[in-house]
Each structure stands twice: as C-alpha cells, then as structure tokens.
K.L.:
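Sharing a structure here in structure tokens format.
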Amino acid sequence: MTSAIRHVTIDSADAYHLAAFWSQVLGQPVHEDDKPGDEEALIEGAGLLFVTVAEPKTVKNRVHVDLRPQDRTRDEEVERLLALGATLVDDRRNADGTGWVVLADPEGNEFCVERSTAERAG
C-alpha cells in the first residue's frame with residue numbers, strides 16, 4: 001500500500017482571500033461551501049487547501065509551485081498575475097527566451113512562472 005497526496009495545504013493569514021487569488025490564477029473555483037471568513041478554503045480541482053493560521057510567514061518557502069501558461073506566453077502570464085496582485089521576487093528570464101520568473105502571492109508565498117509548452121517547442 002502507498003499513500004496519495006490529497007491536498008497541498010498552505011498556511012495563510014486569510015484562507016478565503018488567498019484561495020480567491022489562486023482561484024483567479026488557476027481559473028478554478030473556490031469550493032462552493034467556502035465563504036469569506038472561513039478558516040479553510042479549498043480549490044478542489046488543484047488540490048490546494050488554504051488554512052488560516054496565527055503565525056505570519058517569516059522565511060522563504062521550502063515548497064513552491066511552478067506554473068506553465070496554457071494559452072499565453074510566460075511574459076503575458078507574468079503580466080496577468082502581477083495585475084491580479086502578485087509581486088515580482090526574482091526575474092530569471094534570459095536574453096535567449098529561456099528562464100522563469102519568481103513571483104509571490106498576496107501573502108508572500110513564492111511561485112515560479114515557466115515558459116509555455118509552445119515557447120518550449122519553438
């Protein structure tokens with residue numbers, strides 16, 4: 001017997017608010033039972049569970065997600081995510097078009113945006 005990952009749980013100051021940000025990033029809804037002020041919020045299709053905790057984020061993430069845009073370029077996706085409230089942490093793009101961008105969500109959790117499949121093929 002083995003185990004399966006049910007959720008990746010992300011500690012947050014406001015679970016619903018952070019889940020709403022990630023819902024826009026991923027184009028997947030926050031679970032219909034979750035409401036503002038709830039201590040937990042789930043994006044079921046992505047397996048992301050946000051839980052409100054008292055402790056603030058203090059150090060770099062040990063685990064993070066890498067995003068690959070599905071219907072736009074890496075650079076277009078970075079601009080979209082910045083407009084949603086992400087912040088730029090580190091720009092690792094190279095002159096030849098390779099590389100990635102490190103962003104942070106509204107609570108400071110880092111994530112990366114890689115090139116799209118079409119960009120990798122070109």
Side-chain angles (χ1 to χ4, degrees):
M1 300 275 299
T2 61
S3 294
I5 295 174
R6 181 170 179 217
H7 302 122
V8 174
T9 303
I10 301 171
D11 291 350
S12 52
D14 183 334
Y16 189 85
H17 181 260
L18 196 56
F21 169 81
W22 280 98
S23 173
Q24 290 181 299
V25 169
L26 301 171
Q28 296 187 28
V30 175
H31 194 279
E32 63 187 25
D33 293 340
D34 296 328
K35 305 290 183 251
D38 286 353
E39 293 192 7
E40 295 183 357
L42 175 64
I43 301 176
E44 194 166 25
L48 295 178
L49 176 64
F50 299 86
V51 178
T52 300
V53 298
E55 305 83 21
K57 180 181 180 299
T58 57
V59 297
K60 183 181 181 302
N61 297 22
R62 299 272 314 231
V63 175
H64 69 268
V65 297
D66 292 340
L67 302 177
R68 181 180 296 169
Q70 300 298 299
D71 59 354
R72 59 185 56 98
T73 68
R74 173 200 56 212
D75 295 348
E76 290 168 337
E77 182 68 347
V78 167
E79 291 306 314
R80 184 181 81 87
L81 299 175
L82 291 170
L84 289 177
T87 55
L88 179 65
V89 174
D90 190 14
D91 191 335
R92 306 296 299 258
R93 291 177 277 198
N94 300 310
D96 67 359
T98 61
W100 64 93
V101 178
V102 181
L103 300 176
D105 70 19
E107 291 197 10
N109 300 300
E110 297 91 0
F111 61 97
C112 296
V113 182
E114 299 179 349
R115 294 180 299 154
S116 67
T117 301
E119 289 174 295
R120 289 173 181 270

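No hydrogens, no waters, no symmetry mates; every other heavy atom, side chains included, goes into these values.
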K.L.:
Checking R93 now: which residues fulfil side chain to side chain contact (heavy atoms under 4.5 Å, CB included) with it, not counting sequence neighbours?
P.N.:
R74, D75, D91, V101

K.L.:
State which residues pass side chain to side chain contact (heavy atoms under 4.5 Å, CB included) with H17; sequence neighbours excluded, sorted by chain then number.
P.N.:
D14, P106

K.L.:
Compare every heavy atom of G108 with every heavy atom of N61, then report the nearest pair and how far apart it is.
P.N.:
OD1-O, 4.3 Å

K.L.:
Closest approach of T52 and A15, non-hydrogen atoms and distance?
P.N.:
OG1-N, 3.1 Å

K.L.:
Could you state whether V65 and V102 fall into the same hydrophobic cluster, counting links through intermediate Ile, Leu, Val, Met, Phe, Trp or Tyr residues with side-chain heavy atoms under 4.5 angstrom apart?
P.N.:
no

K.L.:
Could you list the residues that satisfy side chain to side chain contact (heavy atoms under 4.5 Å, CB included) with R68, not counting sequence neighbours?
P.N.:
Q70, E114, T117, R120

K.L.:
Which pairs, with at least one residue in residues 78-88 and sequence neighbours excluded, count as a side chain to side chain donor-acceptor pair (under 3.5 Å)?
P.N.:
E77-R80

K.L.:
Linking Ile, Leu, Val, Met, Phe, Trp and Tyr by side-chain heavy atoms under 4.5 Å, what else ends up with M1?
P.N.:
none

K.L.:
Which pairs pass ring-ring contact (aromatic ring centres under 6.0 Å, His included) with one or both residues in residues 77-100, sequence neighbours excluded?
P.N.:
none

K.L.:
Can you find a heavy atom in the side chain of E107 that is under 4.5 Å from one in the side chain of K57?
P.N.:
no

K.L.:
Tell me the closest heavy-atom pair linking G99 and R115, and the distance in Å.
P.N.:
O-CG, 4.0 Å

K.L.:
If I compare all heavy atoms of Y16 with all of A41, which pair ends up nearest, and what's the gap?
P.N.:
CA-CB, 3.9 Å

K.L.:
Is V59 isolated, or which residues cluster with it under the ILVMFWY side-chain rule of less than 4.5 Å, directly or via members?
P.N.:
none

K.L.:
Just to verify, what does D71 make a side chain to side chain donor-acceptor pair (under 3.5 Å) with, not counting sequence neighbours?
P.N.:
none

K.L.:
More than 12 foreign heavy atoms under 6.0 Å from CD of E76: is that the case here?
P.N.:
yes

K.L.:
Going by side chain to side chain donor-acceptor pair (under 3.5 Å), name the residues that satisfy it together with E119, two or more places apart in sequence or in a different chain.
P.N.:
S116

K.L.:
Partners of E40 by salt bridge (Lys or Arg N to Asp or Glu O under 4.0 Å), sequence neighbours excluded?
P.N.:
none

K.L.:
Mind checking whether V51 and L48 sit in one hydrophobic cluster, side chains of I, L, V, M, F, W, Y counted as touching below 4.5 Å?
P.N.:
no

K.L.:
Mind checking the CG-CZ spacing from D34 to F50? Nearest 0.5 Å is all I need.
P.N.:
10.5 Å

K.L.:
If you look only at distance, which donor and acceptor atoms sit under 3.5 Å apart when one is on a side chain in residues 19-28 and the other is two or more places apart or in another chain?
P.N.:
from: W22; atom 1: NE1; to: D105; atom 2: OD2; distance (Å): 3.0
from: S23; atom 1: OG; to: Q28; atom 2: O; distance (Å): 2.5
from: Q28; atom 1: OE1; to: A46; atom 2: N; distance (Å): 3.0

K.L.:
What residues, two or more places apart in sequence or in another chain, satisfy side chain to side chain contact (heavy atoms under 4.5 Å, CB included) together with D11?
P.N.:
V53

K.L.:
Does L82 share a hydrophobic cluster with L84, counting links as ILVMFWY side-chain heavy atoms below 4.5 Å and allowing steps through other members?
P.N.:
yes

K.L.:
Could you grab the distance from atom CG of L42 to atom CD of E32, nearest 0.5 Å is fine?
P.N.:
11.0 Å

K.L.:
With no hydrogens and no angle check, is any side-chain donor or acceptor of E44 less than 3.5 Å from a backbone partner on H31?
P.N.:
no

